[in-house]
There are 2 protein chains.
Amino acid sequence: MNVAVRIDDLDRDILNALMTDARVPYAEMAKRFNVSPATVHVRVEKMRASQIITGTEVIVNPKLLGYDVCCFIGINLYAARDYHSALEKLNQLDEVVEAYYTTGAYNIFVKLMCHSIEELQHVLINKLQAIKEVQSTETLISLQNPINRNVKP
Amino acid sequence: MNVAVRIDDLDRDILNALMTDARVPYAEMAKRFNVSPATVHVRVEKMRASQIITGTEVIVNPKLLGYDVCCFIGINLYAARDYHSALEKLNQLDEVVEAYYTTGAYNIFVKLMCHSIEELQHVLINKLQAIKEVQSTETLISLQNPINRNVKP
DNA sequence: CATGAAAATGCGAAGGG
DNA sequence: CCCTTCGCATTTTCATG
């Protein structure tokens, strides 16, 4: 099992800053938190080494790339044991951006991004429901995403 | 309405690289894509200006910060019109990391991160269900998140 | 944890195809 | 018009105290 890594207030401050903007200069954080740039550097390296920080990425606006439709889909399999093979096939669909193994009403829960409702329909019928392990699906269309943030360190 | 912005293959390549690692040097991308570093710079600036790229962030491992429980919660309101006031209250809960306005079975759909099942129970009862606009909730616990990526540019 | 210097990177002007 | 070359400014990185 994973266990939480100990981090202090300075780590937390740095992490918060980097979670808002991964390219803030160390010197700026240093000034803000009253330490030297090198100290910031050391802390970031430590958090990288301990895998608290696993990478960086640019934040893109999916709408401007033409992805207008976002939805969640609950998937039921004929047999729960087919989880792995179903997942492998889901992984090959670019439209599937997130997948969760869940308890409760569904076996797998996925988040899907499409260019249009027509594409969603196509993906649902010809890709998702074409997976032989899939028994049924339930779709939840998102019209808006008013909250989207990270956990508080 | 938003409309997709025109980007060419080079933009797409750069975007892909930056979506994997926001700190890859321009010079390296330049070599990889056979253009000059300055061109990469110009393209990135263009995509920033057109809001395709809205920022950068470090990717953190929530488990190592102690967030062991991830779940989705479908929320039903007494009245759909209370959406805004309910959302405002949800926004004040740090545990709520995403919220979606959805069609179908629920009025609001949220993603929640907690330190433990006990904390989840506490948040559910004392925070979420304490919101007066909330009629009922349905919880979906995620045990694993095998796919988590971005849309393909 | 700070200092300071060396190396790497980002940035933008000016000119060429 | 887009791309490149080039030089300066900023930032990262690391050895040392």
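So that the names make sense, note that chain A is the first sequence line, chain B the second, and so on, each numbered from 1.
Residue-environment remark: CD (B:Gln144) exceeds the threshold of 12 foreign heavy atoms within 6.0 Å. Within 6.0 Å of CD on A:Gln121 lie no more than 12 heavy atoms contributed by other residues, nucleotides or ligands.
Comparing D:dT11, C:dG10, D:dT4 by their nearest atom to the side chain of A:Pro25 picks out D:dT11. With distances taken from any side-chain atom of A:Ala38 to the nucleotides C:dC1, D:dC2, C:dT3, the minimum falls on C:dT3.
In this entry the distance linking CG of A:Leu18 with P of D:dT11 reads 14 Å, nearest Å. C:dG10 atom P lies 13 Å from atom NZ of B:Lys31, rounded to whole Å. Remark: P of D:dC2 and CG of B:Asp11 are 11 Å apart, rounded to the nearest angstrom. Following rounding to the nearest Å, B:Met47 (CE) and D:dC2 (P) show an atom-to-atom distance of 14 Å. Atom-to-atom, CD of B:Glu45 to C1' of D:dC2 comes out at 16 Å; the value is rounded to the nearest Å. Whole-Å rounding puts the B:Lys46 NZ to C:dC11 P distance at 16 Å. Counting to the nearest Å, the C1' atom of C:dG10 and the CD1 atom of B:Ile14 are 14 Å from each other. Separating the OH atom of B:Tyr26 from the C1' atom of D:dT11 is a distance of 13 Å, rounded to the nearest angstrom.
Phosphate contact (OP1/OP2 of D:dT4, side-chain N/O of B:Ser36, threshold under 4.0 Å): present. A sub-4.0 Å separation between OP1 or OP2 of D:dC2 and a side-chain N or O of B:Arg43 is absent. Phosphate proximity of D:dT12 to A:His41: absent, as no side-chain N or O sits under 4.0 Å from OP1 or OP2.
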Check your understanding: What's the verdict on salt bridge (charged side-chain N to carboxylate O under 4.0 Å, His left out) for A:Lys89 and A:Glu133, showing C-alpha distance, side-chain angles and the deciding distance?
Key -> CA-CA 10 Å; A:Lys89 291 166 190 172; A:Glu133 291 87 349; 3.0 Å; yes
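One finds a salt bridge joining B:Asp8 and B:Arg43 here, because a Lys/Arg side-chain nitrogen approaches an Asp/Glu carboxylate oxygen to under 4.0 Å.
A pairwise comparison of heavy atoms in B:Val123 and B:Cys114 identifies CG2-SG, 4.3 Å as the closest pair.
Closest-nucleotide positions on DNA chain C for A:Val35 and A:Arg23 were compared, and the one nearer the 5' end corresponds to A:Val35.
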